[in-house]
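First the proteins, then the strands, lettered A, B, ... as listed; each starts at 1. Quick caveat, the model's predicted, so the values are computed rather than measured.
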2 protein chains.
Amino acid sequence: MNKRQIQKQFTRDKILDSAKQIFIEKGIINSATLQIAEKAGIAHGTLFLHFPNKDALVIGLLDIELLKFSDEIKQLIIETDEIDKLLNQYLNLIKKEEGFFSSLAREMPSYKSELRRKILFRESLIREHFHQVIEKGIRKGIYASVDIPSVLTFLFGTINYYLSLKSSFVHSGSVIEKFHDQTIEIFMKILKK
Amino acid sequence: MNKRQIQKQFTRDKILDSAKQIFIEKGIINSATLQIAEKAGIAHGTLFLHFPNKDALVIGLLDIELLKFSDEIKQLIIETDEIDKLLNQYLNLIKKEEGFFSSLAREMPSYKSELRRKILFRESLIREHFHQVIEKGIRKGIYASVDIPSVLTFLFGTINYYLSLKSSFVHSGSVIEKFHDQTIEIFMKILKK
DNA sequence: AATTTCAGTGAGTGTGTACTCAGTAAAAGG
DNA sequence: CCTTTTACTGAGTACACACTCACTGAAATT
């Protein structure tokens, strides 16, 4: 990479960093591209050299962040094969980026269907891991033979709900932490024989 | 009421009807007040004679609709005191106005906190009824002595999740219907001794 | 019948914001 | 050293949309 390419990449990263900060603070939908540019310390027009339009920026941002998250999850799967430990670790990971996931849960229903599909696809990969761990548990006779997709929708739906209404559930601090124990407890009861 | 008052009320109703239709179709946040006025068959300015601003219209609309729903729920409570039947009836009521509740679930996280508090307050009244029925069941020894608020958050969270992502879960038709049986089944398992 | 009241009208205004494009300066290439 | 390429700039444009207000005409009041 020559000097120009390095500079270009650097600017792109600044835009994405700024977009992420603003995404966490108040979401992307109601934030102006001008504000993102200002926070990144670049001209408004520059943003559109790197992303053809606002949607592309959102997709770019979410793609990167969710990929990072996916990788961390994968690591986690390798390390744990008990569902309560996995769920505990999963919640801890979300908690680490709770602002991000809260904004995501809040705004997702308003995204264009293509982007929503992308996000749900990434979620489905995570579900797949949970699915396998539960399946193994059922085969071993540890868990009741539940309909796995159903119980996972129940689980992920609830977590999504906590995140999307975070500001109504907690004034400051973590929703995930608040509901951490009871979520695991109830989910384990669902799996209980 | 004289002729003028009747006419005024009629116009107000037309606005609310139109707003409800548009709310169901695509939500209120991304709909223009001009469009609502056109659908109601009135001038754009007229809308602002009846509601000082767009927010007031949204509050007016949701207040009326949620009050109607509350009343139907109350009726239901009187008639049934088994939790699975109550839940079944509750889901049926939501299904009857699924478009409305889907839009509500989708947009609620984006509303100003005051309006969100209002909506959550109405929901809390409904939860209160569920709470009582479960409590009675626990006292009778039918259900396990679970932490009722936790399991209710789990339940309402999941239902909210289905509704908010309705268009991702079903192409056409009812999400509530799709998840009806499994929701009841899992919830009853949570309550099982 | 004359006057007052008021619901309704719709062109107009102000604001916010996504996106453009002619111009600039520094890096790359010869 | 000169020419070309290109990342970047930021004032400008187009558009959408919430909300206003001078005006109209019919109903209510006198």
Next on the checklist: Once side-chain contact (heavy atoms from CB on, under 4.5 Å) is applied, do any residues pair with A:Leu91, and if so which ones, sequence neighbours excluded?
Outcome noted: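 For A:Leu91, the residues satisfying side-chain contact (heavy atoms from CB on, under 4.5 Å) (neighbours in sequence not counted) are A:Leu87, A:Ile159, A:Ile176, A:His180, A:Ile184.
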
Item to check | Partners passing side-chain contact (heavy atoms from CB on, under 4.5 Å) against B:Gln5 (at least two apart in sequence or in another chain) | outcome: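 B:Gln5: side-chain contact (heavy atoms from CB on, under 4.5 Å) contacts with B:Met1, B:Asn2.
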
What distance separates [X] [atom1] from [Y] [atom2], expressed to the nearest 0.5 Å?
X        : Y        : atom1 : atom2 : answer
A:Leu104 : A:Arg106 : CG    : CZ    : 9.5 Å
B:Tyr162 : A:Asn160 : OH    : CG    : 12.0 Å
B:Ile29  : B:Met108 : CD1   : CE    : 11.5 Å

Next on the checklist: One thing to verify: whether A:Glu79 and A:Lys85 come together as a salt bridge, which I'm taking to mean a side-chain N less than 4.0 angstrom from a carboxylate O.
Outcome noted: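 Not counted as a salt bridge, because no side-chain N and carboxylate O are separated by less than 4.0 Å.
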
Checklist entry - Can you list, by residue number, the residues of residues 1-8 of chain A that have a non-hydrogen atom closer than 4.0 angstrom to DNA chain D? => result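 Contacting residues: A:Arg4, A:Gln7, A:Lys8.
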
Item to check | Close residues, residues 45-58 of chain B, relative to DNA chain D [heavy-atom separation under 4.0 Å] | outcome: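 Residues of residues 45-58 of chain B under 4.0 Å from DNA chain D: B:Gly45, B:Phe48, B:Asn53, B:Lys54.
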
Checklist entry - For DNA chain C, what residues of residues 12-41 of chain B have any heavy atom nearer than 4.0 Å? => result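 Here the set is empty: none.
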
Checklist entry - Can B:Leu49 be reached from B:Leu16 by stepping across I, L, V, M, F, W or Y side chains whose heavy atoms are under 4.5 Å apart? => result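 Hydrophobic grouping puts B:Leu16 apart from B:Leu49.
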
Next on the checklist: In this structure, would B:Ile64 and B:Leu120 fall into the same cluster of hydrophobic residues linked by side-chain contacts under 4.5 Å?
Outcome noted: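 They do share one cluster, since a chain of ILVMFWY contacts under 4.5 Å joins B:Ile64 to B:Leu120.
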
Checklist entry - Taking CD from B:Gln9 and P from C:dA7, how many angstroms apart are they, rounded to a whole number? => result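 Nearest whole value for this atom pair: 12 Å.
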
Checklist entry - Please, which pairs that meet side chain to side chain donor-acceptor pair (under 3.5 Å) have at least one residue in residues 182-192 of chain B, sequence neighbours excluded? => result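 Every side chain to side chain donor-acceptor pair (under 3.5 Å) pair that includes a residue of residues 182-192 of chain B, provided the two are not neighbours, is A:Ser150-B:Gln182.
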
Next on the checklist: Tell me which pairs pass side chain to side chain donor-acceptor pair (under 3.5 Å) where either residue lies in residues 18-28 of chain A, with sequence neighbours left out.
Outcome noted: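 Listed by first then second residue: A:Lys20-A:Glu65, A:Lys20-A:Glu97, A:Glu25-A:Lys39, A:Lys26-A:Gln35.
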
Next on the checklist: Can you see whether B:Thr11 engages B:His50 through a side-chain donor-acceptor pair at a distance of less than 3.5 angstrom?
Outcome noted: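 B:Thr11 vs B:His50: no donor-acceptor pair found between side chains.
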
Checklist entry - Between which nucleotides of DNA chain D, read 5' to 3', does contact with chain A run, using atoms under 4.0 Å from its heavy atoms? => result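 Contact boundaries, 5' end first: D:dT5 to D:dG10.
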
Next on the checklist: A:Arg122 vs A:Asp63, test: side-chain contact (heavy atoms from CB on, under 4.5 Å). Steps then yes/no.
Outcome noted: CA-CA 9 Å; A:Arg122 292 234 185 272; A:Asp63 243 23; 3.8 Å; yes

Item to check | Residues forming a side-chain hydrogen bond (donor to acceptor under 3.5 Å, both in side chains) with A:Ser102, sequence neighbours excluded | outcome: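 In terms of side-chain hydrogen bond (donor to acceptor under 3.5 Å, both in side chains), with neighbours along the sequence ignored, A:Ser102 is linked to no residue.
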
Next on the checklist: Suppose the criterion is salt bridge (Lys or Arg N to Asp or Glu O under 4.0 Å): which pairs have a residue in residues 158-167 of chain B, not counting sequence neighbours?
Outcome noted: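 Passing the test, one end in residues 158-167 of chain B: B:Glu98-B:Lys166.
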
Item to check | Pair listing, salt bridge (Lys or Arg N to Asp or Glu O under 4.0 Å) test, anchored in residues 146-155 of chain A, at least two apart | outcome: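 Counting only pairs at least two positions apart or across chains, no salt bridge (Lys or Arg N to Asp or Glu O under 4.0 Å) contact touches residues 146-155 of chain A.
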
Checklist entry - To the nearest 10 degrees, how far apart in direction are the end axes of the helix from C:dA1-D:dT30 to C:dG30-D:dC1, each fit to five base pairs? => result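 Axis angle across the helix from C:dA1-D:dT30 to C:dG30-D:dC1, nearest 10°: 0°.
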
